[in-house]
Amino acid sequence: QVQLVESGGRLVQAGGSLRLSCAASGPTVTTYHMGWFRQAPGKEREFVAEESLNGVKMYYGESMKGRVTISRDNAKNTVYLQMNSLKPEDTAVYYCAARASSNSKHEYWGQGTQVTVSS
């Protein structure tokens with residue numbers, strides 16, 4: 001069992017930056033591949049980023065590639081998503097997710113944190 005709680009979402013101006021946090025309880029983040037997804041109103045959930053359980057491999061979705069960095073702090077059992085050069089189309093609820101292996105579905109999800117980018 002993994003419980004995930006996202007935080008850090010807020011209103012930000014276009015071109016600005018945000019760092020989202022995902023605090024995990026239960027198993028440590030090192031035992032799961034940790035990822036970030038987002039969902040805008042009326043749109044499907046979209047993959048943003050994922051870090052392997054050892055923190056040595058990162059994958060990024062096309063929509064935010066080059067503008068986001070995923071990382072983790074094992075001591076705090078927390079995963080981060082650093083977002084830069086934000087655009088209004090980045091407005092969405094951002095979700096943290098966990099899966100046991102790269103071949104499995106993301107089985108644990110947080111409640112989401114709202115990011116709103118204004119022009």
Self-check item: Ion pair Lys57/Glu51, N-O distance below 4.0 Å
Solution: no

Quiz item: Is there a side-chain contact between Met34 and Leu4, using heavy atoms and a 4.5 Å cut-off?
Solution: yes

Exercise. With the side chain counted from C-beta on, respond yes when Tyr95 and Thr113 share a heavy-atom pair under 4.5 Å apart, and no when they do not.
Key: no

Exercise. For side-chain contact (heavy atoms from CB on, under 4.5 Å), just list the numbers for Thr69 and Tyr60, CA-CA rounded to whole Å, side-chain angles, deciding distance to a tenth of an Å, and then say yes or no.
Key: CA-CA 8 Å; Thr69 302; Tyr60 296 98; 3.8 Å; yes

Which side-chain N or O atoms in residues 16-27 pair as donor and acceptor under 3.5 Å with protein atoms at least two apart or in another chain?
residue: Ser17; atom: OG; partner: Asn84; partner atom: OD1; Å: 2.9
residue: Ser25; atom: OG; partner: Gln3; partner atom: OE1; Å: 3.1

Quiz item: Under 3.5 Å, side chain of Arg72 to main-chain N/O of Thr78, donor-acceptor pair present?
Solution: no

Quiz item: Can you check whether Cys96's main-chain N or O pairs, donor with acceptor, with Glu6's side chain at less than 3.5 Å?
Solution: yes

Quiz item: Would you say the side chain of Val5 lies within less than 4.5 Å of the side chain of Gln111, judging by non-hydrogen atoms?
Solution: yes

Self-check item: Minimal non-hydrogen separation, Ala14 against Ser119, with atom names
Solution: CB-CA, 4.3 Å

Quiz item: What's the spacing between Ser101 OG and Asn103 CG if we round to 0.5 Å?
Solution: 5.0 Å

Quiz prompt | Non-hydrogen side-chain atoms of Val68 and Leu81 separated by less than 4.5 Å | solution = yes

Practice problem: Examine Met58 and Val48 and state if one hydrophobic cluster contains both, with Ile, Leu, Val, Met, Phe, Trp and Tyr joined whenever side-chain heavy atoms are less than 4.5 Å apart. | Solution: yes

Quiz item: Looking only at atom types and distance, does a side-chain atom of Asp90 sit under 3.5 Å from a main-chain N or O of Lys87, one as donor and one as acceptor?
Solution: yes

Self-check item: Side chain to side chain, Arg38 and Met64, heavy atoms closer than 4.5 Å
Solution: yes

Practice problem: Decide yes or no for Met83 and Val115: does some side-chain heavy atom of the first lie under 4.5 Å from some side-chain heavy atom of the second? | Solution: yes

Exercise. State whether a side-chain donor-acceptor pair under 3.5 Å links Ser63 with Glu46.
Key: yes

Quiz item: Can you hop from Leu86 to Val93 via hydrophobic side chains spaced under 4.5 Å?
Solution: no

Exercise. Using a 4.5 Å cut-off on heavy atoms from C-beta on, say whether the side chain of Leu53 contacts that of Thr30.
Key: no

Exercise. Say whether, by atom type as modelled, one donor and one acceptor occur between the side chain of Asp73 and the main chain of Ala75 under 3.5 angstrom.
Key: yes

Quiz item: Between Thr116 and Thr91, is there a donor-acceptor pair closer than 3.5 Å when you use the side chain of the first and the backbone of the second?
Solution: no

Quiz item: Is Glu107 paired with Arg99 through a side-chain N to carboxylate O contact shorter than 4.0 Å?
Solution: no

Quiz item: Which residue pairs pass the ring pair (Phe, Tyr, Trp, His ring centres under 6.0 Å) test when at least one of the two sits in residues 9-58, sequence neighbours left out?
Solution: Tyr32-Tyr108, Phe37-Phe47, Phe37-His106, Phe37-Trp109

